[in-house]
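Working notes for the structure below.
One-based numbering along the sequence shown. Every heavy atom of this structure was used, including side-chain atoms; hydrogens, water molecules and symmetry mates were not.
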Amino acid sequence: MDNYEKIGYSLLAIIAALYLAAMLFGIVAAFPYGIIGLVLLGGVGVLLLKVVRERLNNKEDDYYSKKVDK
């Protein structure tokens, strides 16, 4: 990964965090109906954590990405 790629991913992460903060602010502002969006964001967050955890703990994927010719 070169420096340009790191900068690009960093900028995307910053924008995603700001967008998520704006969404949460809007959901809280529309409280009675915003609880649906809050539950939705929570569910997506849990599933995202599950996918990342499974990818980090999968030794078979690591083996194939490092050892098998493409």
Legend entry - Cluster companions of Ile7 among Ile, Leu, Val, Met, Phe, Trp, Tyr (side-chain spacing under 4.5 Å):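 Members besides Ile7, by chain and number: Leu11.
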Legend entry - Spacing of Leu20 atom CG and Ile27 atom CD1 [to the nearest 0.5 Å]: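 Those atoms lie 8.5 Å apart.
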Should [X] and [Y] be regarded as members of a common hydrophobic cluster, given that ILVMFWY residues are connected when their side-chain heavy atoms come within less than 4.5 Å of each other, either directly or indirectly?
X: Met23; Y: Ile35; value: yes
X: Leu40; Y: Val46; value: no
X: Leu48; Y: Leu24; value: no

Legend entry - Residues, nucleotides or ligands: over 12 heavy atoms within 6.0 Å of Arg55 CZ: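 Atom CZ in Arg55 is crowded, with more than 12 foreign heavy atoms closer than 6.0 Å.
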Inset, instruction - Look at the side chain of Asn58 and the backbone N and O of Glu54, then say whether any donor-acceptor pair between them is shorter than 3.5 Å. - result: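 The answer is no, because no donor-acceptor pair under 3.5 Å joins these two groups.
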